[in-house]
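Worksheet: one structure, shown below.
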2 protein chains.
Amino acid sequence: MTIAHLIDDDDAIRDALAWLLRSRGVASRAWSSAEAFLADYCGEMRGCIVLDIRMHNMSGPELFERMVELGCSMPIIFLTGHGDVPLAVNAIKRGAFDFIEKPFNDNELADRVIDALRIDAERSSQAASAATIEGRLAQLTSREREVMDLVLAGKFNKVIADELDIAMRTVEVHRARVFEKMGVRSAVELAQLLVGRAKTD
Amino acid sequence: MTIAHLIDDDDAIRDALAWLLRSRGVASRAWSSAEAFLADYCGEMRGCIVLDIRMHNMSGPELFERMVELGCSMPIIFLTGHGDVPLAVNAIKRGAFDFIEKPFNDNELADRVIDALRIDAERSSQAASAATIEGRLAQLTSREREVMDLVLAGKFNKVIADELDIAMRTVEVHRARVFEKMGVRSAVELAQLLVGRAKTD
DNA sequence: ACCGCCATTGTGGATATCCGCAAGCATGGG
DNA sequence: CCCATGCTTGCGGATATCCACAATGGCGGT
C-alpha cells in the first residue's frame, strides 16, 4: 500500500492535506506527533512522509534524524512556516526529498507528494532486487565467499588455489557452487550482478 | 592549482573573504560579476566557487545554471543575505555544495570552503581515472566494441561468433585487442573496470 | 602504386575452465 | 552412533580460452 504519511500537530493542516491528496487520488494516514508516528512505524512501510518542522516535543528534523537511523528510505517532504535556510539546506543535504514553505500552493504540494510516491515505488523495486541478491549471498558458505572474492578479482583458479593453499579442484567446486547459488553461469555475469558491492558484505 | 573562486559584486565582501581564506592557507581569486567570471572560465579550472546570490545583471543561480550547462564540476557555495528557502532548496537539489546565510561565521565558512576544496580534489582524481577509461574506450574500433559488449554480457566466443556471423578466431583476436587496449587481463577485470557504464558509450 | 589500419580466417598447441564420478575427513545435531 | 553439511582432493574428459605464426582483402591517405 503506497500512501502518504502525514505528521503534523495541527489538526486543520492534517485534514486539509488529507482532503487535498484524496482529491488527487492519493491515500493518506495522519499522525498528530512524531512520537505517535514512530510508535506505528515499521520498516515495511511504503509511500512518503509529509512532515511539519515545528511540533511539540520531537521536531521534524529530530524525527528525520531518527528515521535515518532506522534505515527508513521513504522520501520525506518537510513543511515549514518560518523559512529557516540552514535547516532546509541541512535537510536536503541529508537526503530529504523536499522542503516546502507554508503557506504552500496546493497543487504544487500534491505534485511533489505524487513525485515522492513515484520515487519510492522505484526505490522499492530496486531494493527488492537488491534484497534477492543479498539473500543469495547469505546462502554462501564463508569459504565460498572467499573464493568468490578472488574470482571477482579476476584471478585464475590456479592462483586462487595457491593463495588459499588448497587444491585447484577444490576451488573449482566452490566456484561452481557460487555460480549455482548466485544464479549465474559465468564469472562475468557474477561481476555484473555485484557491481558496486563491497567484498564479503 | 586548487583555489577558491570568489564571485561577488561587493568589494568589501570579496576582500574580507580573500583575507579570511588567506589566513587559513587557502589561495583565492576574485571576480566582481558573474559575467567577468564566465569570461575567464575554462573547463580545466579546479577548486571551488563562492558565489553571492544577488548580483547586478546575472544572479548567482543564473550563473549556477550556466555552469551546470558547461559541465563545471567545482563545488559551489552560495552566499545569501535574505534567506530564500526555495532558492536554497533548489540549489542544493541541483548539486550546489552549500548555501550559507550572511552574515556568516568566518570560521564556519572557511571550514566549508576547505571541505569543498577537498571534495573537488577527490572528484578530480576520480574524473581523471574516468577520463583514462574513456580514452581507452575511444581507442577501440567499432567491431571491437561490439565484441566487448557481448563479452560483457557473459557470452562465449562461440556464441559471439555466431551472433556476429564471423569465425570464432576473429572473435578471439578482437577480444584480445580489447583486453590489450583496455589494459586488463581477463573479462572479469574488464567488467570491474566498466561497472555502471552504458553499452558502447 | 605503396603503406598502414582494420577485419577476417586458419592451424596447432599450451592453458584454463567445467563437470561427473568417487571419496576421505571434521563438526555438530538427533 | 548415524547423518547432514561443509571442505577437501583426485581422475579424466569435454569445452573454452590464449596465443604465436601466417595470410587475404578492403579502404583511405601519400
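Chain letters run A, B, ... following the sequence lines, proteins first and then strands; every chain starts at 1.
- In this model, the phosphate group of D:dC7 is approached by a side-chain N or O of A:T141 to a distance below 4.0 Å at OP1 or OP2.
- Contact of the B:I53 side chain with the B:F99 side chain is registered, since non-hydrogen atoms from C-beta on lie closer than 4.5 Å.
- Look at A:R175 and you'll find a side-chain N or O under 4.0 angstrom from OP1 or OP2 of C:dC18.
- Whole-Å rounding puts the A:I160 CD1 to C:dA16 C1' distance at 12 Å.
- Ion pair B:D8/B:R14 not flagged as a salt bridge, since none of the NZ, NE, NH1 or NH2 atoms sits closer than 4.0 Å to an Asp/Glu carboxylate oxygen.
- A heavy atom closer than 4.0 Å to some atom of DNA chain C occurs in no member of residues 178-187 of chain B.
- Following rounding to the nearest Å, B:E189 (CD) and D:dT17 (C1') show an atom-to-atom distance of 15 Å.
- Between A:E69 and A:R66 there is a salt bridge, since at least one side-chain N of the basic residue sits less than 4.0 Å from a carboxylate O of the acidic one.
- Residue A:H174 has no polar side-chain atom (N or O) positioned under 4.0 Å from OP1 or OP2 of D:dG6.
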Counting primed atoms, P, OP1 and OP2 as sugar-phosphate and everything else as base, the B/S/- map of nucleotides 9-15 of chain D against protein heavy atoms under 4.0 Å is BBB----
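- Side-chain contact check for A:I100 versus A:F78: every heavy-atom pair is 4.5 Å or farther apart.
- Taking atom CG of B:L140 as the reference point, atom P of C:dC6 lies 11 Å away to the nearest angstrom.
- Going from atom CG of A:N157 over to atom P of C:dT17 covers 4 Å, rounded to whole Å.
- The distance from atom NZ of A:K155 to atom C1' of C:dA16 is 17 Å, rounded to the nearest whole Å.
- Comparing the start and finish of the helix from C:dA1-D:dT30 to C:dG30-D:dC1, five pairs each, the helix axis swings through 30°, to the nearest 10 degrees.
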